[in-house]
Amino acid sequence: MAHVSLMGNLRQYTGGIAELDVEASNIRQLFRKLGETFPELAPHLEDGLAVAIDGQIYKDTLLEPISEASEVFILPQIAGG
């Protein structure tokens, strides 16, 4: 299972859980499973999150593959100007 870390304010939607292991083959499947587990998190998974998979940062890559050994960081969108 991929090891997933939720960064920033995303933890407020998971009851404080910041890390968990999830079985998924791509980011879309990972987001679906996270949304099923944490319904309050689900709407925020579509808000332009950045995702780092094994040290590589991606944006809007729902079909990006992940493996059982992957380390995935989900980061909220950072506002800037």
Side-chain angles (χ1 to χ4, degrees):
M1 286 192 252
H3 185 75
V4 179
S5 296
L6 299 168
M7 308 305 291
N9 66 347
L10 296 175
R11 298 174 208 161
Q12 70 184 350
Y13 306 111
T14 63
I17 296 171
E19 296 185 22
L20 64 155
D21 294 325
V22 179
E23 189 170 333
S25 60
N26 61 42
I27 297 299
R28 174 178 284 154
Q29 190 177 59
L30 173 68
F31 281 5
R32 182 176 47 82
K33 288 187 176 188
L34 287 173
E36 290 171 357
T37 304
F38 306 107
E40 290 184 32
L41 178 63
H44 302 281
L45 295 173
E46 300 176 17
D47 286 344
L49 298 172
V51 177
I53 305 168
D54 298 324
Q56 176 71 36
I57 297 176
Y58 299 91
K59 183 166 173 50
D60 300 324
T61 56
L62 293 177
L63 298 178
E64 193 63 41
I66 54 178
S67 73
E68 288 186 7
S70 288
E71 186 172 46
V72 180
F73 289 84
I74 302 173
L75 306 111
Q77 188 173 34
I78 299 172

ask   = Is Ile57 atom CD1 crowded by more than 12 heavy atoms from other residues, nucleotides or ligands, each under 6.0 Å away?
value = no

Heavy-atom closest contact (Leu6 atom, Arg11 atom, distance) = O-NE, 3.0 Å

inquiry  = How long is the straight-line distance from CG of Leu63 back to CD of Gln29, given to the nearest 0.5 Å?
reply    = 11.0 Å

key: Straight-line distance of Tyr58 OH to Leu75 CG, nearest 0.5 Å   = 13.5 Å

message = Can you tell me how far apart CG (Asp54) and CD1 (Ile66) are? Round to the nearest 0.5 Å.
response = 9.0 Å

message = Within a 6.0 Å radius of atom CD on Glu40, are there more than 12 heavy atoms belonging to other residues, nucleotides or ligands?
response = no

query = So how far is it from Ser5 OG to Ile17 CD1, rounded to the nearest 0.5 Å?
reply = 12.5 Å

query = Of all heavy-atom pairs between Gly8 and Pro76, which one has the smallest distance, and what is that distance?
reply = CA-CG, 4.3 Å

query = Hey, what do you get for CD (Glu19) to OG1 (Thr14), rounding to the nearest 0.5 Å?
reply = 11.0 Å

query = Atom OH in Tyr13, atom CG in Leu34: separation rounded to 0.5 Å?
reply = 14.5 Å

message = Test of understanding: clusters of I, L, V, M, F, W, Y form through side-chain heavy atoms closer than 4.5 Å, transitively. Do Phe73 and Leu45 belong to the same one?
response = no

query = For Phe38, which residues count as a ring pair (Phe, Tyr, Trp, His ring centres under 6.0 Å) partner, sequence neighbours excluded?
reply = none

Shortest non-hydrogen contact from Glu23 toward Lys33 = O-NZ, 2.6 Å

note = What one should report as the nearest heavy-atom pair of Ile74 and Leu49 is CG2-CD1, 3.6 Å

request  = Indicate if Val22 and Leu10 have the same hydrophobic cluster label, given that clusters are the connected sets of ILVMFWY residues with side-chain heavy-atom separations under 4.5 angstrom.
outcome  = yes

task = Keeping the roles fixed (side chain from Ser67, backbone from Ala69), state whether a donor-acceptor pair exists under 3.5 Å.
result = yes

task = Give the minimum heavy-atom separation between Glu64 and Ile53, together with the two atoms involved.
result = CG-CD1, 3.5 Å

query = Val4, Leu62: one ILVMFWY side-chain cluster at the under-4.5 Å cut-off?
reply = yes

